[in-house]
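Report on one structure; see the data block that follows.
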Amino acid sequence: MTATKIRLDALTKRFPGQARPAVQELSLDIPEGEIVIFVGPSGCGKTTTMKMINRLIEPTSGRIFLDDEDVTRVDADRLRRRIGYVIQQIGLFPHQTIAQNIATVPKLLGWDRKRIAERVDELITTVGMDPAAYRDRYPKQLSGGQRQRIGVARAMSADPDVMLMDEPFGAIDPITRDRLQNEFLRLQAEIRKTIVFVTHDIDEAIKMGDRIAILREGSEIAQYDTPERILVDPADEFVADFIGRGASLKRLSLSRVRDIPLGDWPTVADGTDPEQAHRMLAASGRSSLLVLDAQRRPRSWVTAEHLRRADGRPLAEVGLPLATVGPAATLSDTLNEMLTARYSTAVVVDDAGGYGGVVDIDTINGAIRGMRTAEHERPRGDLEPPS
Amino acid sequence: MDFFRYLGSRWDNILELAVEHAVVTALAVALATLIGVGLGMATYDRPRWRQAVVTVASVFLTIPSLALFGLFISVLGLGTTPVVVALVMYSLLPIVANTIVGLREVDPAVVESAQGMGMGRVQRLLRIELPLAWPVILTGIRVSTLVALGIVALGAYILGPGLGNDIFAGLSRISSPNALNLVLGGVLGVVLLAVLFDLFYVLLNRVTTSRGIR
C-alpha cells in the first residue's frame, strides 16, 4: 500500500441559498502516485470536491491534508502553486505566448530566467511538441489537441507532486481524445504524479483510473475501488446503473494482449510447395494455415481452397488478409480487429512484427472468466490506509 | 479675402490654437482614463456599484455643455481649468463603460486557470484581465477623445483655449469680411485633429495589444 498523499477529512460544502450541501462529510484518502478519478452524474458535487483541494472553493467545514500537512487554512495562492491545475476549457492566456503561459508558475515562484527558459523547452518536448517551432506562438495558432498538451505542460511547470484535472479531455474530438489519453498514461508512467481527475464519462474513468470514486448526490462515495473491482463487483444498484450495460465489454479495455495466455496456430513458411502445405493443413485439423515470411512475420491465412488455386504463386499472395495486434493492444481493440477482419482470429505480433500467437473468441472469453474469478477471490478491505 | 490667402497669413496663429486644443483634449482624456479605468476595475464585478458608476457617468454626458460651462463660472472661474474638468466628466462614460464591458468579457476559464495556478487578485487583474480587456478599453478612450475634441471648441465661450476661439470670433461678427474664414479655419482644424488622433490610436493599438488577441 502506497502512502496517502491527499487526505480529505469530513469535507462539507454548503452554498448559500441551497437547502442541501453540495458536498456532505466526504472523507477520502488519495494514495501517492496514482490517478484517482471522481466520476458521477452531473450535479453530484465531484467538481466542487476537486476544487476544494486547491481551495478554489473554500470548504464550509472539514479539513484537507496534503502530505500530512493541514492545508485547510494556509495561504491559498501559495498552496495552488504547489498543485497543477488543468480544466476542460484549458484557459490558456490568449495574449501570452506558449512559453509565457508555461512560465506562469515558475515566474510566481521567482525562478531565474535561464532556469525558466530551460524548463519551458523541456516541457514542450515532454508533451511531444517542438520547442523551437511552438515556444513563441500564441494559443490561437494551435489546434485543440495542441492547446490541451500545452495546458498539461503548464500545469506541470513547477513540477508539482499533485495535479487536479477537471474533464481535461472533455472538449476534444474522440480520435484526438483517445490519442491524448494514451499519451497522458504513458507520461504518467514516467512522472508518477498524484492525480485527481474529474469526469462524467465512466469509460474514461475506467481507462484512465488507478482508482475510481463513484460519487452520488452530495458527493457521497458510492464505491471507491480499482476499475476492475468496480466492474466485476459493483457495490450497489447505483454503481451498477452508472456503469451501465456492457460491464463485460468495458472490462475488455482493462486487459491487454500481453496479459493473457495466447493460442497457438499451425504455420507454414511462405514459399512452401502447395502440395506439402496441403498435407500440413490436413494434418493440423484446422481449416487454414498461417503463412509466415522469412522473418517470421505473419502474411496471410490460407485455406485448402486457396492452396488448390495457388497456381505457382507464393502462398502469401493467395490467402486472406490478416488482423494483427501488438502486445499492448487492449482486448477491446483486439475484439474490434477480429470483428472487422475476414477471418475472425487476431494474430499477435511482437514489436519487430514477428509472430507471437493468436487470439480468438474463446481466448477472450477465457480471459474475462479468469478476471471475474480473480477479482471475487481477492479479499475486500485491502484499500484501507495503514493506520 | 479667399480662404487660402487667409490661411497663408494666419497659419501660425491657427497652429498655436490647434496645439492648445490638442493638449487640453489629451490632458482631459488622460485624466478621464485614469479615473474611468480605475472605477471600472473597482466596480466591474460588483453589480450595484457598476450600475451606479455607469448611471452617474451617463448623467454627466446628458448635461448640455454650454450650460455646464456657465455653471462652472461661479465655482471654477474662467479659462482652462473649468474646460478640463467638464471634459473629464464628458469623457468618463465611454471609458468606464468599456472598461467594465471589457473586463466582464474576459473568458472565465482564463481567469479560473490563473487563479488555480496561484495568481493573486491584483496580479490576475493587471497581468491577465486588463491586457485582455485593453482593446475594448482603448476603443472607449478613442470615442472619448472624439467627443472631447468637439466640446473643447465650446470651451472658448468661457475663455478656454483652442480652436473654438476662432470659431466664436467668427460667429460674433458674422458680417465682417473674415468671419467665415475664421469659422471655417477653426472647424477644419478640429476635423484635422480628429483624424490625427484617430491615426495615433490605430498606432497605439498596434503597439500595445498582444499579437495573440489581434
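Lettering follows sequence order; numbering is per chain, from 1.
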task: For the residue pair B:Ser113 and A:Ile90, establish whether any side-chain heavy-atom pair is separated by less than 4.5 Å.
output: no
Flag if over 12 foreign heavy atoms under 6.0 Å of CG, A:Asp68: no
message: Take a 6.0 Å sphere around OH of B:Tyr157 and say whether it holds more than 12 heavy atoms from other residues, nucleotides or ligands.
response: no
message: Counting only heavy atoms from other residues, nucleotides and ligands, does the tally under 6.0 Å from CZ of B:Arg124 exceed 12?
response: yes
message: How about CG on B:Leu199, more than 12 heavy atoms from neighbouring residues, nucleotides or ligands closer than 6.0 Å, or not?
response: yes
task: Could you look at A:Pro139 and say if it's the side chain, the backbone, both or neither that has a heavy atom under 4.5 Å from chain B?
output: neither
- prompt: Side chains of A:Arg80 and B:Met117: closer than 4.5 Å at any heavy-atom pair?
  reply: no
Heavy-atom side-chain contact between A:Gln89 and B:Val110 under 4.5 Å: no
message: Within this structure, what is the CG-NE2 distance for the pair B:Leu132 and A:His95, rounded to the nearest 0.5 Å?
response: 4.5 Å
Side chains of B:Ile128 and A:Gln96 in contact at under 4.5 Å (non-hydrogen atoms): yes
field: Over 12 non-hydrogen atoms of neighbours within 6.0 angstrom of CZ in B:Arg48
entry: no
query: Looking at A:Arg154, A:Arg137, A:Arg82, which makes the most heavy-atom pairs under 4.5 Å with chain B?
result: A:Arg154
query: Under 3.5 Å, side chain of A:Lys140 to main-chain N/O of B:Arg214, donor-acceptor pair present?
result: yes
- prompt: For A:Leu79, is it the side chain, the backbone, both, or neither that has a heavy atom closer than 4.5 Å to a heavy atom of chain B?
  reply: neither
message: If you define the side chain from C-beta out and look only at heavy atoms, does anything of B:Glu112 sit under 4.5 Å from A:Tyr85?
response: yes
task: Quick one: closest heavy-atom pair of A:Tyr138 and B:Ser210, and the distance?
output: CE2-OG, 3.4 Å
- prompt: Are B:Arg127 and A:Thr104 close enough, and set up right, to give a side chain to side chain contact (heavy atoms under 4.5 Å, CB included), and what steps lead you there?
  reply: CA-CA 11 Å; B:Arg127 290 226 231 131; A:Thr104 305; 5.6 Å; no
- prompt: Among B:Pro108, B:Gly116, B:Pro131, B:Ala114, which has the most heavy-atom pairs under 4.5 Å with chain A?
  reply: B:Gly116
- request: List the atom of B:Met119, the atom of A:Asp77, and the distance in Å for their closest heavy-atom pair.
  value: O-OD1, 3.6 Å
field: Side chain, backbone, both or neither of A:Leu92 within contact of chain B (heavy atoms, under 4.5 Å)
entry: backbone
task: Drop me the distance from A:Phe93's CZ to B:Asp107's CG, to the nearest 0.5 angstrom.
output: 11.0 Å
